[in-house]
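Counting convention: from 1, in listed order, for ligands and their atoms alike. Values reported hereafter were calculated over all heavy atoms of this structure, with side chains retained and with hydrogens, waters and symmetry mates removed.
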Amino acid sequence: MVDAVGVSLLGAGNVGGGVITALAGARERHAGHVGRALELRFALVRDANRDREGIPRDRLTTDIEAILSDPQTQIVVELMGGEQPAFDYITRALTSGRHVVTANKEVMAKRGAELLSTAAAHGVRLLYEASVGGGIPIISPLSRDLLANEITSVTAIINGTTNYMLTAMSKQGADYSEVLAEAQRLGYAEPDPTADVDGIDAAYKLAILCGLAFHVEVLPEDVTRQGISRLTARDILYASELGYTIKLLATGRLVDGELVATVAPTLVASGEPLAKVDGVLNAIQIEADLVGRVVFEGPGAGSAPTASAVLADVLDVARDLVAGRVERPEPARRRVRVRPPEEHRSRFYIRVTVADQAGVLARIAGALGEHEVSIASMIQFEADADERTAELVFTTHLAGGGALSTAIEQIGSMDVVREVGAVLPMTGLGAR
Ligand code: NAP
Ligand code: HSE
């Protein structure tokens with residue numbers, strides 16, 4: 001066979017290890033797909049003295065120059081994570097004429113536009129299938145298979161850690177801190193879980209999805225974000241009694257040409273496909289004019305599933321290299337206004353702990369009504385008989401985010417209100 005296609009990795013950890021194993025295990029099949037063998041050249045790591053399965057020590061390096069000066073490396077696969085030095089290394093690989101594949105949602109969400117334009121300027125490709133949804137194919141379907149559509153919404157569960165935790169809260173009736181400790185013990189949650197539980201990881205992924213789906217420029221800070229750390233087992237239970245499941249939902253829509261992008265614990269009607277996506281699984285639901293609704297579901301993380309997505313990109317680039325096709329710039333994106341949360345419209349779930357005494361319900365209902373927030377349902381639960389407190393759970397019809405937060409502020413300042421425990425959006429027709 002003629003010359004192999006040289007592939008070097010930046011990072012040989014969880015995903016990098018999966019890529020090394022999968023490359024070694026399917027050499028002939030990959031060569032058959034590409035028309036040439038794929039040859040693993042080097043792997044950049046922090047600690048080159050530690051043995052890694054599937055790659056000899058003399059192929060490990062701590063020096064990016066060893067890879068950039070290797071004439072046989074044609075594809076650089078970035079699997080380090082984080083914004084820096086990943087951004088610099090990807091830029092240098094692209095400007096040196098290498099194609100780049102990355103699984104890094106943070107760098108693609110924050111600096112993707114710059115990187116894609118550097119790739120286009122140098123006639124090389126930058127692919128990032130594994131950056132969203134781990135092993136689920138979603139970047140490629142949005143870039144190619146759904147391109148003829150006008151996409152109206154993206155609704156997704158794109159963080160496995162929080163989905164695992166919310167599923168456990170729902171099934172075990174356990175509280176947030178208990179399931180977080182369990183998720184950390186099982187290795188699903190990081191010792192510092194902030195990026196997952198505060199919705200930061202999901203916001204990076206949603207920014208990438210919205211950019212592709214709506215052909216707009218989106219940054220992570222354009223995503224309105226609420227994490228799961230204030231959720232209680234009671235919210236999960238009350239939601240279930242109302243016929244809903246709480247999911248950390250990432251949603252994106254273009255409304256009258258303006259972007260609405262949110263990550264928030266959301267009440268999803270139990271009959272909806274996304275309500276049934278449990279544990280560490282991810283799912284992305286796309287609504288579009290021609291195809292209608294499509295749902296992509298599968299493992300959103302893990303060494304082998306993520307290697308599947310990384311290698312799909314590597315094989316795609318390698319096939320183009322062999323065929324002499326290289327540049328395929330993405331469609332142009334435009335900057336649009338991003339709607340602030342006060343202008344979002346949604347149905348809401350509200351849980352308020354109040355003094356259990358005459359007239360309280362009427363005062364709260366009055367505050368909602370005064371701000372044009374129409375109540376759809378209300379249930380009262382006994383909270384603490386000794387303290388004579390009760391919990392009121394309201395669901396609303398569609399309401400503006402601004403009107404709702406003014407009403408909630410007014411409710412929170414009432415002497416009879418002990419706590420506004422939760423204000424969560426609900427899925428439903430007309431949300432925007
Ligand atoms: P990981 O296990 O922490 O591995 C990171 C690797 O990069 C390690 O080999 C590390 O070297 C190396 N590295 C990090 N910083 C470096 C630096 N400054 N210089 C040289 N080497 C450096 O991470 P991972 O879980 O494989 O994740 C990699 C990427 O894939 C991230 O962008 C992540 O968001 C993305 N991703 C991960 C998953 C998943 O399931 N884990 C799923 C989808 C996407 P040492 O080994 O010497 O420490
Ligand atoms: N921390 C991420 C998750 C890993 O829990 O989904 C995959 O990006």
Side-chain angles (χ1 to χ4, degrees), residues 8-21 42-55 57 60-67 76-90 100-112 128-136 138-139 156-167 180 183-184 186-206 208-209 227-228 248 250 263 277 279-284 298-310 313:
S8 286
L9 310 184
L10 311 184
N14 196 5
V15 179
V19 168
I20 292 169
T21 306
F42 294 99
L44 180 80
V45 289
R46 277 180 295 220
D47 177 4
N49 294 317
R50 187 156 60 80
D51 280 332
R52 328 264 167 159
E53 215 171 313
I55 183 161
R57 277 261 190 113
L60 296 177
T61 178
T62 55
D63 183 5
I64 183 72
E65 285 308 329
I67 289 173
V76 170
V77 182
E78 187 276 306
L79 305 168
M80 299 189 298
E83 183 179 354
Q84 286 291 12
F87 175 81
D88 286 344
Y89 291 177
I90 294 172
V100 173
V101 171
T102 180
N104 187 334
K105 61 232 155 190
E106 181 172 354
V107 82
M108 286 310 296
K110 291 179 176 170
R111 315 286 296 271
Y128 48 101
E129 180 61 67
S131 64
V132 182
I136 304 173
I138 185 61
I139 303 295
I157 295 170
I158 37 180
N159 183 266
T161 305
T162 47
N163 204 46
Y164 169 84
M165 290 173 62
L166 293 175
T167 305
L180 174 59
Q184 285 172 322
L186 294 171
Y188 292 140
E190 302 281 340
D192 176 1
T194 315
D196 292 320
V197 300
D198 284 358
I200 297 166
D201 174 83
Y204 289 151
K205 294 167 180 169
L206 181 64
I208 294 172
L209 291 178
I228 66 164
L248 184 69
V263 169
V277 176
V280 291
L281 287 180
N282 283 194
I284 300 123
S303 179
T306 311
S308 157
V310 169
D313 283 347

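Contact annotation: Arg50 has at least one heavy atom less than 4.0 Å from an atom of ligand 1. For Glu78, the closest heavy-atom approach to ligand 1 does not fall below 4.0 Å. Within the 4.0 Å heavy-atom shell around ligand 2 one finds Gly300.
Ranking the protein heavy atoms by distance from atom 1 (N) of ligand 2 puts Asp196 OD1, 2.9 Å first. Residue, atom and distance of the protein heavy atom nearest to atom 24 (P) of ligand 1 are Asn14 CB, 3.8 Å. Nearest protein neighbour of atom 40 (O) of ligand 1, counting heavy atoms only, is Gly302 N, 2.7 Å. Protein heavy atom in closest approach to atom 12 (C) of ligand 1: Gly11 CA, 3.8 Å. Protein heavy atom closest to atom 7 (C) of ligand 2, with residue, atom name and distance, is Lys205 NZ, 3.6 Å. Looking at atom 36 (N) of ligand 1, its nearest protein heavy atom turns out to be Ala103 O, 3.9 Å. Looking only at heavy atoms of the protein, atom 8 (O) of ligand 2 is closest to Lys105 NZ, 2.6 Å.
Within 4.0 Å of atom 48 (O) of ligand 1, at least one protein heavy atom is present.
Contact annotation for Glu190 and ligand 1: no heavy atom of the residue comes within less than 4.0 Å of the ligand. Counting heavy atoms closer than 4.0 Å to ligand 1, residue Pro85 contributes side-chain atoms (C-beta onward) but none from N, CA, C or O. Contact annotation for Lys105 and ligand 1: only side-chain heavy atoms (C-beta onward) come within less than 4.0 Å of the ligand. Residue contacts with ligand 1, taken as heavy atom pairs separated by less than 4.0 Å, involve Thr306 solely via side-chain atoms from C-beta onward.
Inclusion of Val15 in the set of residues having an N or O under 3.5 Å from an N or O of ligand 1 is warranted. Inclusion of Gly13 in the set of residues having an N or O under 3.5 Å from an N or O of ligand 1 is warranted. Considering backbone and side-chain N/O atoms, Gly160 comes within less than 3.5 Å of an N/O atom of ligand 2. Annotation: Ala12 places an N or O atom under 3.5 Å from an N or O atom of ligand 1; distance criterion only.
Taking all heavy atoms of Leu79, Thr62, Val310 into account, the minimum distance to atom 29 (C) of ligand 1 is reached by Leu79. The residue from Val280, Asn282, Thr161, Thr162 that puts a heavy atom closest to atom 5 (O) of ligand 2 is Thr161. Of the candidates Gly134, Ala301, Gly81, Ala301 brings a heavy atom nearest to atom 4 (C) of ligand 2.
Leu10 pairs in a side-chain contact (heavy atoms from CB on, under 4.5 Å) with only one of the listed residues (Val45, Val77, Ile64), which is Ile64.
A donor-acceptor contact closer than 3.5 angstrom links the side chains of Thr194 and Asp192.
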